[in-house]
**Q** 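Got a structure for you, written out below as structure tokens; questions coming shortly.
Remember, predicted model here, so these are calculated numbers, not experimental data. Just so it is clear: chains get the letters A, B, ... in the order the sequence lines come, proteins before strands, and each one is counted from 1. Side-chain atoms are counted along with the backbone in the values below, which use heavy atoms only and exclude waters and symmetry mates.
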Amino acid sequence: MPELPEVETVRAGVEKHVVGRTVATAAVLNPRAVRRDLAGPDGFAAAMAGRTFLRAERRGKYLWFTLGCPPDVGSDAPTEALLAHLGMSGQMLVLPPETPLSPHVRARFTFTDGGPDLRFTDQRTFGHLMLVEMCLPDDLSRAVPEPIVHIAPDPLEDAFDPKVFTERLLGKKTQVKRALLDQSLISGIGNIYADEALWRAKLHWARPTDTLKRSEISRLLDAVCDVLTEALKAGGTSFDALYVNVNGESGYFDRSLNAYGREGEPCGRCATLIRRESFMNRSSYSCPRCQK
DNA sequence: ACTCCCCCCTGTTAGC
DNA sequence: TGCTAACAGGGGGGAG
């Protein structure tokens with residue numbers, strides 16, 4: 001599942017292959033891929049033609065490409081971006097134009113240089129694309145696409161402030177894992193890395209946030225940063241491939257997981273068997289001894 | 001205003 | 001063997 005490390009891997013890969021190139025044609029093969037774009041499939045496709053990919057950026061699990069305008073559009077037009085979320089199964093494939101379309105290609109961009117296509121491929125269609133305006137959030141920290149101004153900074157970006165996070169966390173009346181998954185509080189963490197960070201910090205997922213000590217929050221943040229950084233390092237080895245392929249389930253970081261998906265296997269610290277508990281109609285994995 | 005939960009979707013797998 | 005049901009889970013939006 002694409003969480004921050006996987007999305008960053010995709011961002012870096014796409015940056016390498018499409019920045020500086022100009023879209024010749026855009027085609028939406030499944031309208032659901034642009035369901036959040038008010039212009040609809042035809043409007044989206046028409047508006048993307050002639051645009052130049054300028055920069056590839058990311059916050060949490062969202063990535064976007066700032067766009068240059070065609071020459072006939074005034075340079076004072078607001079900065080726009082192609083915003084993407086990979087959902088559960090989204091991929092950004094860079095492939096030669098003659099490559100046959102796989103059944104799950106949802107949107108396709110060809111380029112004026114005749115080079116490789118960009119194909120948004122998404123088996124389960126939880127991901128989406130939209131053409132949006134950039135805007136500055138209230139704290140003026142960093143320009144982001146308008147639809148994601150409510151998404152908090154992720155722990156690996158400069159705009160992330162541990163003090164702000166700590167105070168907001170302490171003010172919440174919820175469980176610590178719910179808070180980690182709340183993208184408006186801290187972004188980029190999904191079910192896998194939440195369990196991994198909680199295991200490293202020796203905290204149980206159901207711990208009420210308003211009972212956390214500041215030292216525990218600090219430990220948790222360190223664990224979050226460590227696990228995301230290590231996973232990013234492991235996932236970053238595929239940058240040189242011609243296409244950028246992300247499949248969280250077969251990712252390189254699998255071997256390094258200490259809790260997630262390891263029900264019945266021994267804890268790496270104390271050898272107690274890892275347990276699985278139901279949580280929000282999903283699974284939470286933890287060590288019964290280390291994470292009381 | 002805040003928290004919680006359902007639902008969107010499809011391929012794989014477990015179970016009867 | 002063949003079918004159904006559970007499961008994977010990000011996040012919007014509505015209910016409470």
Side-chain angles (χ1 to χ4, degrees), chain A residues 1-11 28-38 58-64 83-92 102-107 120-130 132 138 144-154 165 167-198 205-212 224 228 231 245-251 253-254 257 259-264 275-285:
Chain A
M1 325 309 145
E3 301 181 33
L4 187 154
E6 293 79 20
V7 178
E8 173 58 19
T9 302
V10 171
R11 186 207 64 77
V28 176
L29 286 77
N30 182 330
R32 194 174 143 75
V34 294
R35 63 192 176 281
R36 297 185 53 77
D37 192 310
L38 297 177
R58 182 190 55 75
R59 164 165 281 181
K61 302 171 195 172
Y62 283 91
L63 67 157
W64 64 89
L83 177 64
H85 194 289
L86 302 177
M88 289 295 301
S89 53
Q91 299 171 295
M92 292 285 185
S102 80
H104 299 308
V105 178
R106 309 305 183 191
F120 177 63
T121 303
D122 186 15
Q123 177 190 108
R124 293 173 63 186
T125 72
F126 277 26
H128 62 94
L129 302 176
M130 56 195 308
V132 299
D138 290 341
V144 296
E146 189 280 329
I148 66 161
V149 288
H150 66 290
I151 300 293
D154 67 60
F165 170 77
E167 296 314 313
R168 288 191 62 200
L169 182 66
L170 287 169
K172 286 198 170 290
K173 284 242 176 288
T174 189
Q175 301 167 335
V176 64
K177 183 170 175 182
R178 288 182 188 276
L180 284 182
L181 297 176
D182 180 351
Q183 307 296 304
S184 66
L185 179 65
I186 181 171
S187 67
I189 304 169
N191 201 38
I192 297 172
Y193 296 119
D195 279 2
E196 291 301 304
L198 289 166
W205 55 266
R207 178 76 177 276
T209 48
D210 55 3
T211 69
L212 287 168
V224 164
L228 293 179
N245 187 354
V246 165
N247 180 339
E249 287 162 323
S250 62
F253 200 61
D254 278 8
L257 295 177
Y260 184 84
R262 298 195 61 232
E263 182 181 20
R275 74 182 156 199
R276 180 169 79 96
E277 295 167 286
S278 188
F279 164 81
M280 293 169 75
N281 289 329
R282 287 163 176 73
S283 295
S284 265
Y285 299 88

**Q** Students often get this wrong, so: under 4.0 angstrom with heavy atoms, is A:Tyr62 touching a base, only sugar-phosphate, or nothing?
**A** sugar-phosphate
**Q** C:dG11 P sits how many Å from A:Leu63 CG, rounded?
**A** 12 Å
**Q** With sequence neighbours left out, write down each residue that passes salt bridge (charged side-chain N to carboxylate O under 4.0 Å, His left out) with A:Arg58, or none if nothing qualifies.
**A** A:Glu8, A:Asp154
**Q** Mind checking side-chain contact (heavy atoms from CB on, under 4.5 Å) for A:Gln123 and listing every partner two or more places apart, or none if nothing turns up?
**A** A:Ser89, A:His104
**Q** Go ahead and write out DNA chain B as dot-bracket, 5' to 3': ( ) for pairs within the strand, [ ] for ones crossing earlier pairs, | when the partner sits on another strand, dots for unpaired; Watson-Crick or G-U wobble, both distances under 3.5 Å.
**A** .|||||||||||||||
**Q** In whole angstrom, give the distance that lies between atom NE2 of A:His128 and atom P of C:dG12.
**A** 7 Å
**Q** Are any protein N/O atoms closer than 3.5 Å to N/O atoms in nucleotides 14-16 of chain C? If there are, list each pair with its distance.
**A**
none

**Q** Looking at residues at least two apart in the chain, or sitting in another chain, which of them share a salt bridge (charged side-chain N to carboxylate O under 4.0 Å, His left out) with A:Arg207?
**A** A:Glu216
**Q** Output all residues satisfying ring pair (Phe, Tyr, Trp, His ring centres under 6.0 Å) with A:Tyr285, sequence neighbours left out; order by chain, then residue number.
**A** A:Tyr260
**Q** Just the endpoints, please: which first and last nucleotides of DNA chain B, 5' to 3', lie under 4.0 Å from a heavy atom of chain A?
**A** B:dT3 to B:dG11
**Q** How long is the line joining CD of A:Glu3 and C1' of C:dG10, in whole Å?
**A** 10 Å
**Q** I'd like to check the side-chain hydrogen bond (donor to acceptor under 3.5 Å, both in side chains) partners of A:Ser102; sequence neighbours left out, ordered by chain and number.
**A** none
**Q** Check if the side chain of A:Arg282 and the base of C:dG10 share a donor-acceptor pair of N or O atoms closer than 3.5 Å.
**A** yes
**Q** Using the ring of each side chain (for Trp, its six-membered ring), is A:His85 parallel, tilted or perpendicular to A:His128, with breaks at 30° and 60°?
**A** parallel
**Q** When you measure from every atom of DNA chain B, which of residues 173-182 of chain A have a heavy atom less than 4.0 Å away?
**A** A:Lys173, A:Thr174, A:Arg178
**Q** List for me each residue that meets salt bridge (charged side-chain N to carboxylate O under 4.0 Å, His left out) alongside A:Lys177, sequence neighbours excluded, and say none if there are none.
**A** A:Asp195
**Q** In whole Å, I'd like the distance from the CG atom of A:Leu185 to the P atom of C:dG11.
**A** 14 Å
**Q** Restricting to salt bridge (charged side-chain N to carboxylate O under 4.0 Å, His left out), what partner residues turn up for A:Arg275, sequence neighbours left out?
**A** A:Glu277
**Q** Indicate whether OP1 or OP2 belonging to C:dG12 is found under 4.0 Å from a side-chain N or O atom of A:His150.
**A** yes
**Q** Is the shortest side-chain N/O distance from A:Tyr193 to OP1 or OP2 of C:dG10 below 4.0 Å?
**A** no
**Q** Can you list everything that forms a side-chain contact (heavy atoms from CB on, under 4.5 Å) with A:Ala179? Sequence neighbours excluded, please.
**A** A:Leu169, A:Thr174, A:Leu185, A:Thr209
